[in-house]
Amino acid sequence: MTVKKYPIFLNLEGRNILIVGGGNACLEKLMGLEHTAANLHLISITYSDEVKAFLEKYPQIKVETRAVTEEDLNHRDIIFLATSDPNTNKEFRALAKAKRIWVNSVDDPKNCDFYSSSTVTVGPIQFAISTDGMFAGVSATLRKLFEEVLPEEDHELLETLFMMRRNLKERLPNQEERRKVLKAIIQKLNSEYFHKP
């Protein structure tokens, strides 16, 4: 039997996140963590120009230019090992595991406690796509498909729909009455715009 992963959306606000490495993989993690309000700490011997440019926008991110040590793993909620050295990733994943800290070793599924997903965000809707860390290209292709189906310019419409539903919950606290109204709205839309003669 194949063991499946359990998909979740983590609230990382105020959490202590360590990223080790300063190249493309680091940039990818930074972009994914950009609006999570997590406390980010980067440690790397070198940083790419792209990472430096990203960091200029966020002076609150703690950055150190040096080799990582075992002590750096202490008091972390999550660690991303994004170095180009698989031996370093493997060594520090083992150290983190001993400290019971969750680790993602970029491009090394065997040394991951979790996989990052490719995400699509349109207003209040967020999709997460994962291939268990085995085929990032498929995730990227599916992400582009979702972005075409739900383009960014539709986010205001989606937010309006969510707001209408919230208001409806206040006006009609009875769930059954609310369901009838929502069903009637959907049927009207379907009959007027999607029904084939």
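Counting heavy atoms of neighbouring residues, nucleotides and ligands inside a 6.0 Å radius, atom CZ of Arg100 does not exceed 12 of them. Shown here is Arg76, whose CZ atom has more than 12 heavy atoms of other residues, nucleotides or ligands within 6.0 Å. For Asn24, the CG atom is loosely surrounded, since the number of other residues' heavy atoms within 6.0 Å does not exceed 12. Within a 6.0 Å sphere centred on CD of Glu71, heavy atoms belonging to other residues, nucleotides or ligands number more than 12.
The heavy-atom pair separating Asn74 from Lys99 by the smallest distance is OD1-NZ, 2.8 Å. Here the closest heavy-atom approach between residue Ala82 and residue Ala25 is recorded as CB-CB, 3.8 Å. Across every non-hydrogen atom of Ser44 and Gly22, the tightest pair is OG-N, 3.1 Å. Nearest heavy-atom pair, Val103 versus Arg93, reported as atom, atom and distance to 0.1 Å: CG1-CG, 3.7 Å. Listed here is the closest heavy atom pair of Leu18 and Asp72: CD2-O, 3.6 Å. Residue Glu64 comes nearest to Tyr47 through the heavy atom pair O-OH, 2.6 Å, listed as atom of the first residue, atom of the second, then distance.
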Candidate pair Leu172 and Val181, rule side-chain contact (heavy atoms from CB on, under 4.5 Å), full reasoning: CA-CA 9 Å; Leu172 293 175; Val181 171; 3.6 Å; yes

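To the nearest 0.5 Å, the span separating CD on Glu50 from CG on Leu55 amounts to 11.5 Å. Leu73 CG to Ile43 CD1: the interatomic distance, rounded to the nearest 0.5 Å, is 8.5 Å. Rounding to the nearest 0.5 angstrom, the gap separating the CD1 atom in Ile19 from the CD atom in Glu28 is 10.5 Å. How far CD of Glu91 is from CD of Glu70: 8.5 Å, rounded to the nearest 0.5 Å. Between the CD1 atom in Ile17 and the CG atom in Asn104 there is a gap of 11.0 Å [rounded to 0.5 Å].
Side-chain contact between Ile101 and Ile78 is absent, with no heavy atoms from C-beta onward closer than 4.5 Å.
For Phe80 and Phe114, the gap between ring centers is short of 6.0 Å.
Proximity of a side-chain donor or acceptor of Ser105 to a complementary backbone N or O of Asn111 within less than 3.5 Å is detected.
Checked by atom type, the side-chain pair Asn39/Asn16 shows a donor-acceptor distance below 3.5 Å.
Between Asp113 and Lys97 no salt bridge is recorded (no basic side-chain N to carboxylate O distance below 4.0 Å).
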